[in-house]
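Just below is one structure, and these are the notes that go with it.
Below, read A as the first sequence line, B as the second, and so on, with proteins coming before strands; counting in each chain starts at 1. Bear in mind the structure is a predicted one, so any value in this text is a computation, not a measurement.
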Protein chains: 2
Amino acid sequence: MTAPTHEQEPASGTDIDDEVLGLLRRADQRYTTGRRKLVAALQEGDGPLTINQILDVDDTLAQSSVYRNLMILEQVGAVVRIVTRDEFARYELAERLTEHHHHLICTSCGDVADFALDDRVEATLDRALHKAADTAGFAVDGHRLDLLGTCGSCD
Amino acid sequence: MTAPTHEQEPASGTDIDDEVLGLLRRADQRYTTGRRKLVAALQEGDGPLTINQILDVDDTLAQSSVYRNLMILEQVGAVVRIVTRDEFARYELAERLTEHHHHLICTSCGDVADFALDDRVEATLDRALHKAADTAGFAVDGHRLDLLGTCGSCD
DNA sequence: TCGGGGTTGAGAACCGTTATCAATCCCAAA
DNA sequence: TTTGGGATTGATAACGGTTCTCAACCCCGA
């Protein structure tokens, strides 16, 4: 989502929890058990998850709480909300907690997987984007690049 | 939306109408007055429009008909539905009727404007994307690149 | 001119999401 | 440890963008 701060090693495991804890604290929010389970569920998938996918991963979570906590985690900067083609929103951990990446969106089943671009390509892209934005009087704070097509399991 | 078929000159004015007419005919659909007005409204804006923006441009159109006809025009390949950040979908003429381009999405007011990238950048990007998609067993049929930031009028 | 299938448009229904609010939990002070 | 009180939870109602319904209308062909 955000322009790459190249080579910020991917925090993993409890590192992510620490980071999320800090982000929540900064906003006078607690890192409750439910929120921990939510973050854990998001770490599971290899791409952004819908609410239903989250509830499938952990059926001890309540739908309304998941919605509310995802909203809070997004405001705090720990989670990003993504809308693709279908009617469901998807959520994933913010790049500050993972790595800069893009999405493979399957136009058949709607599933979304992550992928990364070569750093060199990413750099030239970033340069071109900033130039284009400047001429349009637009202040960039990130870009979003998705690939549309058919995933392996839909062949 | 679709990978660039470089240098297909932008059909304009009645050319677009002719093209849309053909697309509709091929699906046994008529190009009625309402649909013509809809296509005209989409040509107005310099970016994808929401339903409300369309109704503002032409208040003789009925909301339910606009929704239905946009759906039909999308199935036929004349229009593309776009979802950005907010809760409103946006619609624009398909690239086959215009030109390959990308979107400047203002995270403040939600407005969306078009912009194009240098052909050279577009080409290297396309190459890198296809390579990435191949290794993921993904059949590409297009990409989507958006710039997120603040537009001029929101400074 | 007439017949009939496509199209229209006002309103109802749908469904993902958000707001509500009483019950519960958890931190901090005593 | 106990207790008070504000944050959090979760079942449910409300919301709103979009889709569906269906009678009235239009338009093309015979």
Can you tell me how far P of C/dC14 sits from CD of B/E87, to the nearest Å? 22 Å
Between A/I72 and B/I51, name the one whose nearest nucleotide on DNA chain D is closer to the 5' end. A/I72
Nearest whole angstrom, please: distance from the P of D/dT8 to the CZ of A/R25. 12 Å
Rounded to the nearest angstrom, tell me the gap between atom CG in B/N52 and atom P in D/dG17. 7 Å
Looking only at the side chain of B/Y67 (C-beta and beyond, no hydrogens), which of the listed nucleotides C/dA19, D/dT19, C/dT8 gets closest? D/dT19
From C/dT18, C/dG9, D/dT9, nucleotide with atom closest to A/M71 side chain: C/dT18
Rounded to whole Å, the CG-C1' distance (B/N69 to C/dG9) equals 11 Å
Contacts of A/Y31 that satisfy side chain to side chain donor-acceptor pair (under 3.5 Å) - sequence neighbours left out: A/D17
Does the side chain of A/E92 reach to within under 4.5 Å of the side chain of A/D114, using non-hydrogen atoms? yes
With respect to the side chain of B/S65, which nucleotide from C/dT8, D/dT9, D/dT19 is positioned closest? C/dT8
Do A/H102 and B/H143 have ring centres separated by under 6.0 Å? no
Could you tell me whether the side chain of A/V66 reaches within less than 4.5 Å of the side chain of A/M71, counting heavy atoms only? no
In residues 27-42 of chain B, which residues come under 4.0 Å of DNA chain C by heavy atom? B/Q29, B/R30, B/T32, B/R35
For the side chain of A/T107 and the backbone of A/L148, is there at least one donor-acceptor N/O pair under 3.5 Å apart? no
Name the closest nucleotide to the A/R81 side chain, picking from C/dT17, D/dT9, C/dA10. C/dT17
Rounded to whole Å, CG of A/L21 lies from P of C/dC27 at a distance of 11 Å
Whole-Å distance between D/dC28 C1' and B/L24 CG? 16 Å
Whole Å only: how far is the CD atom of B/Q63 from the P atom of C/dA10? 10 Å
Do the non-hydrogen side-chain atoms of B/Y91 and B/I82 ever get within less than 4.5 Å of each other? no
Residues, nucleotides or ligands: over 12 heavy atoms within 6.0 Å of A/R36 CZ: yes
Check whether any side-chain N or O of A/R68 sits under 4.0 Å from OP1 or OP2 of D/dT9, and answer yes or no. yes
Rounded to the nearest Å, what distance is computed from the CG atom of residue B/D86 to the C1' atom of nucleotide D/dG16? 13 Å
Using five base pairs at each end to define the local axes, how bent is the helix from C/dT1-D/dA30 to C/dA30-D/dT1, to the nearest 10°? 30°
Does a side chain donor of either B/T60 or B/D58 reach within less than 3.5 Å of an acceptor in the other side chain? yes
Separation of B/L117 CG from B/T124 OG1 (nearest 0.5 Å): 9.0 Å
